[in-house]
Amino acid sequence: INGAKEVFKMHNTLKDFFTKTLKYNFWAFEVMSDFVLEYKIQDDYILKQLSHTLNANKVWLSRIQGETFKIDPFFVHPPITWLPMMQSDEAKCSQLLEFGPDLETQIQYTTRDGKPHELSLGEIFFILINHATHHRGQVAARIRQMGLEPPITDYPHYCGLMTTKA
């Protein structure tokens, strides 16, 4: 827990932390999406994992808004549609961070099996980031199994790129 507190101190506030890490998360998805399109990857596993990330985002963002979004968690979207979908999710997250409820606000929702549950908005943002990271790792491993070198999507690399842009 002390380590997590130190990370949060570096970003002044949790809002700053989530603003920065969500931007990173969306950037990393874009890099992976571009790779899939560039190499014309048709591997079912890769397409399923990256589509699943998008589907989960839609479900969580709907829950935040008090809505229900039902979709097969592993419904596969055409890769050409991924970037616009992720950009829409990024815009919603940015709006929530800027104008939405506090990160501590409890979001009540119903789980997939019909049980009532609640998590804070901050916890949901953490889930979005952690979930996407998990599946990017799976996809990177699969890309290596295919004999290719996956794109670099780690956080230090992103920070270096953002420093270079500034």
Side-chain angles (χ1 to χ4, degrees), residues 7-8 10-65 67 69-100 103 112 119 121-166:
V7 168
F8 294 147
M10 291 178 356
H11 295 282
N12 298 326
T13 67
L14 270 179
K15 184 177 177 181
D16 293 339
F17 172 77
F18 282 118
T19 298
K20 189 170 185 176
T21 54
L22 282 163
K23 282 183 182 188
Y24 154 70
N25 190 55
F26 294 125
W27 167 85
F29 186 90
E30 182 177 353
V31 168
M32 198 61 81
S33 176
D34 288 348
F35 183 89
V36 168
L37 290 169
E38 179 182 343
Y39 286 88
K40 297 176 177 46
I41 292 177
Q42 295 297 313
D43 182 83
D44 288 340
Y45 181 82
I46 290 174
L47 301 180
K48 193 177 280 190
Q49 295 307 311
L50 292 173
S51 287
H52 172 68
T53 301
L54 290 167
N55 295 336
N57 286 355
K58 298 289 183 219
V59 169
W60 282 110
L61 290 170
S62 295
R63 287 173 173 171
I64 291 168
Q65 297 169 328
E67 301 167 359
F69 186 85
K70 295 199 182 238
I71 189 167
D72 173 353
F74 289 99
F75 175 80
V76 176
H77 302 278
I80 195 73
T81 66
W82 292 350
L83 190 54
M85 291 173 69
M86 188 56 85
Q87 288 170 336
S88 172
D89 294 346
E90 181 178 12
K92 287 178 185 173
C93 287
S94 293
Q95 287 177 341
L96 283 164
L97 282 164
E98 187 67 28
F99 306 109
L103 291 168
R112 286 181 46 115
L119 289 169
L121 180 59
E123 288 172 310
I124 292 172
F125 284 150
F126 178 75
I127 289 167
L128 292 177
I129 296 162
N130 193 50
H131 183 250
T133 301
H134 168 71
H135 288 295
R136 278 195 309 275
Q138 291 176 318
V139 168
R142 181 59 158 245
I143 289 170
R144 281 191 183 93
Q145 289 173 353
M146 296 168 63
L148 298 171
E149 187 61 31
I152 300 170
T153 60
D154 70 335
Y155 188 71
H157 180 71
Y158 167 78
C159 291
L161 291 174
M162 295 304 109
T163 300
T164 304
K165 280 185 177 182

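- Lys15 places a side-chain N or O within donor-acceptor distance of the main-chain N or O of Leu97, the cut-off being under 3.5 Å.
- Distance alone, capped at 3.5 Å, is enough to place a donor-acceptor pair between the Ser51 side chain and the His77 backbone.
- At most 12 non-hydrogen atoms from other residues, nucleotides or ligands lie less than 6.0 angstrom from NZ of Lys48.
- Within the 3.5 Å criterion, the main-chain N or O of Phe75 finds a donor-acceptor partner in the side chain of Asn55.
- Checked by atom type and distance alone, the side chain of Thr21 pairs as donor or acceptor with a backbone atom of Phe17 at under 3.5 Å.
- Residues Phe18 and Phe126 form a side-chain contact, since some pair of their non-hydrogen atoms from C-beta on lies under 4.5 Å apart.
- Within 6.0 Å of atom CD1 in Ile152, 12 or fewer heavy atoms from other residues, nucleotides or ligands are found, so the atom counts as exposed in its surroundings.
- Using a distance-only test at 3.5 Å, with no hydrogens or angles considered, a donor-acceptor pair links the side chain of His52 to the main chain of Pro73.
- Counting only heavy atoms from C-beta outward, the side chains of Ile41 and Met146 approach each other to under 4.5 Å.
- With Ser94 contributing its side chain and Glu90 its backbone, the two residues share a donor-acceptor pair below 3.5 Å.
- In this structure, Leu148 and Phe35 have side chains that are in contact, with non-hydrogen atoms separated by less than 4.5 Å.
- Not one N or O on the side chain of Tyr24 forms a donor-acceptor pair closer than 3.5 Å with the backbone of Pro156.
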